[in-house]
J.: 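One structure, as structure tokens, below. Some questions next.
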2 protein chains.
Amino acid sequence: MAALRADPALRADSARVRARMLAAAREMLAAGDQDLPMNAIAKAAGVGVGTMYRHFPSRQALLESLAAESYAALVARARTAAEQEDVGAGLAALLRAALESQLSDPSLASVLSAPAHACAETTELGRELGAAALRLLDRARAAGVVRADVSADDLRRLMCGVQHAVRSGGADDPTAAGRYLDIMVRGLRP
Amino acid sequence: MAALRADPALRADSARVRARMLAAAREMLAAGDQDLPMNAIAKAAGVGVGTMYRHFPSRQALLESLAAESYAALVARARTAAEQEDVGAGLAALLRAALESQLSDPSLASVLSAPAHACAETTELGRELGAAALRLLDRARAAGVVRADVSADDLRRLMCGVQHAVRSGGADDPTAAGRYLDIMVRGLRP
DNA sequence: ACCTGAACACCGTTCAAGT
DNA sequence: ACCTGAACACCGTTCAAGT
């Protein structure tokens, strides 16, 4: 009985600590700190380094936790795009969603480009995103609006590439994202 | 007189040491070490760390020195492409050269994507590459084979993006580079 | 002049000791 | 059970001391 009462309390506390670490990490990202040092996050969140590692066994795990919300939102947008009546518009919407999500959340860009996942949840999100993309691709192929030699994973990789192209500008041109997206959409036509 | 004789000797020695450090760095890259720790390179090259820093004041400077040869080769290929009679083929050749160079030399990929240069030589190579690309672009625009809203720097950024897309694959598909390049070439048409 | 490598600061990661 | 933070290893960078 004591355990039953203690457990939720512990979990609630643990969740609060976890949220504090993620908030601290986000603040550092927002402040331009790309490195996200584990020690520094722990100090900023007021916890020991060990607690940091207990919640996030690797930097990749931390990144995936930071990106989880954006990733889920992207999956939702992808599903909406997949059901769109106009398949061509749906495909463009999927690509735009993938690009915008990465540009507004650098941790998502990193996770989408990563060769491997640290958290099972991320793998699941990836599966869901891939499934939505595949549904859309199948419809698009049937409608003849997309090249036949492109897979759902190709779309992911290409959008990671467009993100990289947008980011690799010295002086940032606000029109770049739109133009590059358009180039990609046109290039995917059969 | 003594100075006149000593100088070249020192320079020759310095050049040999420099070459040894670059060779050590290249070996580490070839062995899969992406980090290129300055201390480790110095030890592998049999020199003190200070010597490392005297020749390469920053990691970026080291990267640019590593990439210099590939970069010069790319500029040469770009110039050839710019003079090609068939403008469309020339543009495709330029993009292929940019992609192949980056894929075969990761340090070049890094330098081409970098927001700023550490060495004046690199800036000069960048200028030459940009000039060749612009000559080709002007001809291509006049011939109506390329979108009007694309600059020479856009081409660079897009090819850095394609490189990133090719690299961000889990299982590497040998057909990816060719397909992504084709998508880009088609997307650039007006 | 040029080089060496000890030294300092910093970060990743672990784990014994606390509660 | 969970947390803390000292401790160790490693890397970037500098600079006093050597030649």
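Lettering follows sequence order; numbering is per chain, from 1.
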J.: Can you measure A:Asp35 atom CG to C:dC10 atom P for me and round it to whole angstrom units?
T.: 14 Å
J.: What verdict does the side-chain contact (heavy atoms from CB on, under 4.5 Å) test give for B:Asp173 and B:Arg179, after you've listed the backbone C-alpha separation in whole Å, the side-chain angles of each residue and the deciding distance to 0.1 Å?
T.: CA-CA 10 Å; B:Asp173 173 356; B:Arg179 286 182 295 118; 2.9 Å; yes
J.: How would you list, by chain and number, every residue that makes a salt bridge (charged side-chain N to carboxylate O under 4.0 Å, His left out) with A:Asp182, sequence neighbours excluded?
T.: A:Arg186, B:Arg147
J.: Tell me, which of residues 17-30 of chain A have any heavy atom that sits under 4.0 Å from an atom in DNA chain C?
T.: none
J.: Listed in order of residue number, which residues of residues 113-122 of chain B have a non-hydrogen atom at under 4.0 Å from DNA chain D?
T.: none
J.: Might you point out which heavy atoms bring A:Ala42 and A:Met52 nearest each other, and give the distance in Å?
T.: N-SD, 4.1 Å
J.: How close do A:Met28 and A:Leu36 get, heavy atom to heavy atom, and via which atoms?
T.: CB-CD2, 4.2 Å
J.: Minimum heavy-atom separation for A:Cys160 and B:His164, please, with both atom names.
T.: O-ND1, 3.3 Å
J.: Any chance you could measure B:Leu62, atom CG, to B:Ser107, atom OG, to the nearest 0.5 Å?
T.: 9.0 Å
J.: Are any non-hydrogen side-chain atoms of B:Leu29 and B:Gln34 less than 4.5 angstrom apart?
T.: yes
J.: Are B:Arg135 and B:Asp138 within salt-bridge range, i.e. N to O under 4.0 Å?
T.: no
J.: Could you state the atom-to-atom distance from CE of A:Met52 to P of D:dG5 in whole Å?
T.: 15 Å
J.: I need the full list of ring-ring contact (aromatic ring centres under 6.0 Å, His included) pairs touching residues 92-115 of chain A, with sequence neighbours left out, sorted by first then second residue.
T.: none
J.: Between protein and nucleic acid, restricted to nucleotides 13-17 of chain D and to nitrogen or oxygen atoms under 3.5 Å apart, what atom pairs and distances do you find?
T.:
from, atom 1, to, atom 2, distance (Å)
D:dT13, OP2, B:Tyr53, OH, 3.0

J.: Grab the two heavy atoms, one from B:Asp149 and one from B:Asp154, that are nearest each other, plus how far apart they are.
T.: O-OD2, 3.8 Å
J.: Quick check against the 3.5 Å criterion: does A:Glu121 have a side-chain atom that pairs as donor or acceptor with the backbone of A:Ala68?
T.: no
J.: Round to a whole Å and report the spacing from NZ of A:Lys43 to P of D:dG5.
T.: 10 Å
J.: Mark yes when over 12 heavy atoms from residues, nucleotides or ligands other than B:Glu27 sit less than 6.0 Å from its CD; otherwise mark no.
T.: no
J.: Rounded to whole Å, please give me the gap between CG in B:Asp33 and C1' in D:dC10.
T.: 13 Å
J.: For DNA chain C, what dot-bracket results from Watson-Crick or G-U pairs at under 3.5 Å, with [ ] for crossers and | for inter-strand partners?
T.: ||.|||||...|||||.||
J.: Which heavy atom of B:Tyr71 sits nearest to which heavy atom of B:Gly126, and what is that distance?
T.: OH-CA, 3.2 Å
